[in-house]
Amino acid sequence: MDHYAYCTNAQCSHLARMGRPYATPCNGGLAACPHCFQPLCKECPACGYILEARPLRYCPACGQRVLESATARRTCAICGRPVLRTLQPGETVVVCSDSCLAAYMQRYIRICDNCGKRFDISQDPDQSYVQWRTTAADGTVVECCSESCHTQYINAHGGSGG
């Protein structure tokens, strides 16, 4: 029988559009929901029952909720204060105020100097993005969002990696 991995985010855009959580057969593919990037879960968080069918909002074995509450208690990513508001669909960074949002952006959001894409380094504890830094000819540090952007920048502008 097939087993499924599913998204437990009650604010996932897939759930809002389709009325059911995102679920995919467990075949070693996805580790996170492609809609909200929440890690996928393969079993009921309450009883550990391995899901054998596309899940609804409750576990078929014990009846517990498999989706986290839309108003679950969360803490601000910057100051740690509780945030009790409902998250908007697609919102992945929880902050309590505009000043904490500004601090988060200053601390963790970078702009690729090659393609202009914004990228978040908060989930990169080993700072692997640092390998995509280059020193430009004028001595400024150039940050890239990916290995391919780093290579394109080096090819177009020269510079040294590292």
Side-chain angles (χ1 to χ4, degrees), residues 2-43 45 51 54-55 66-68 70 72-83 85-162:
D2 288 335
H3 297 285
Y4 285 87
Y6 63 95
C7 178
T8 61
N9 181 1
Q11 296 299 310
C12 180
S13 62
H14 184 273
L15 178 63
R17 273 193 329 275
M18 305 302 288
R20 66 185 186 315
Y22 174 79
T24 185
C26 291
N27 56 7
L30 294 174
C33 174
H35 304 280
C36 70
F37 308 108
Q38 170 100 0
L40 294 177
C41 186
K42 297 176 186 168
E43 56 193 34
L51 296 170
R54 291 187 177 269
V66 294
L67 294 179
E68 65 184 33
R73 185 178 187 92
R74 302 172 193 280
T75 56
C76 177
I78 295 297
C79 70
R81 286 189 292 229
V83 177
R85 65 182 171 77
T86 300
L87 297 180
Q88 299 301 313
E91 185 177 2
T92 57
V93 177
V94 179
V95 291
C96 64
S97 65
D98 288 342
S99 62
C100 281
L101 178 60
Y104 183 91
M105 291 181 73
Q106 185 176 25
R107 190 176 300 168
Y108 297 118
I109 304 299
R110 301 289 188 267
I111 298 175
C112 179
D113 290 310
N114 185 58
C115 70
K117 175 183 171 186
R118 289 185 178 147
F119 60 104
D120 185 340
I121 63 167
S122 66
Q123 300 300 315
D124 192 11
D126 61 352
Q127 294 193 339
S128 61
Y129 87 96
V130 171
Q131 66 186 332
W132 303 318
R133 283 185 172 176
T134 298
T135 304
D138 64 1
T140 59
V141 175
V142 175
E143 294 180 317
C144 297
C145 65
S146 66
E147 185 176 3
S148 62
C149 273
H150 182 248
T151 302
Q152 287 175 2
Y153 186 89
I154 296 269
N155 292 339
H157 303 284
S160 60

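FYI, side chains are in, hydrogens and waters are out, and symmetry mates aren't considered; it's all heavy atoms of this structure.
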Fill in: Closest non-hydrogen atom pair between Ile78 and Cys100, with its separation
CG1-O, 3.3 Å
Worksheet item: Between Cys7 and Leu40, is any pair of side-chain heavy atoms under 4.5 Å apart?
Response: yes
Worksheet item: What distance separates Cys112 SG from Lys117 NZ, expressed to the nearest 0.5 Å?
Response: 8.5 Å
Worksheet item: Around Glu147, counting heavy atoms of other residues, nucleotides and ligands shown, do more than 12 lie under 6.0 Å from its CD?
Response: no
Fill in: Closest non-hydrogen atom pair, Ile121 against Arg107
CD1-O, 4.1 Å
Practice prompt. Kindly write out the residues that satisfy ring-ring contact (aromatic ring centres under 6.0 Å, His included) with Tyr108, not counting sequence neighbours, or none if the list is empty.
Written response: Tyr104
Item to complete: Report the distance from atom SG of Cys79 to atom CZ of Arg81, rounding to the nearest 0.5 Å.
Response: 3.5 Å
Worksheet item: Is there a donor-acceptor contact under 3.5 Å from the side chain of Asp113 to the main chain of Cys144?
Response: no
Worksheet item: What are the two closest heavy atoms between Gly116 and Ile111, and how far apart are they?
Response: O-CG2, 3.6 Å
Worksheet, complete the sentence: Closest non-hydrogen atoms of Gln106 and Arg110, given as atom of the first, atom of the second and distance, are O-NH1, 3.7 Å
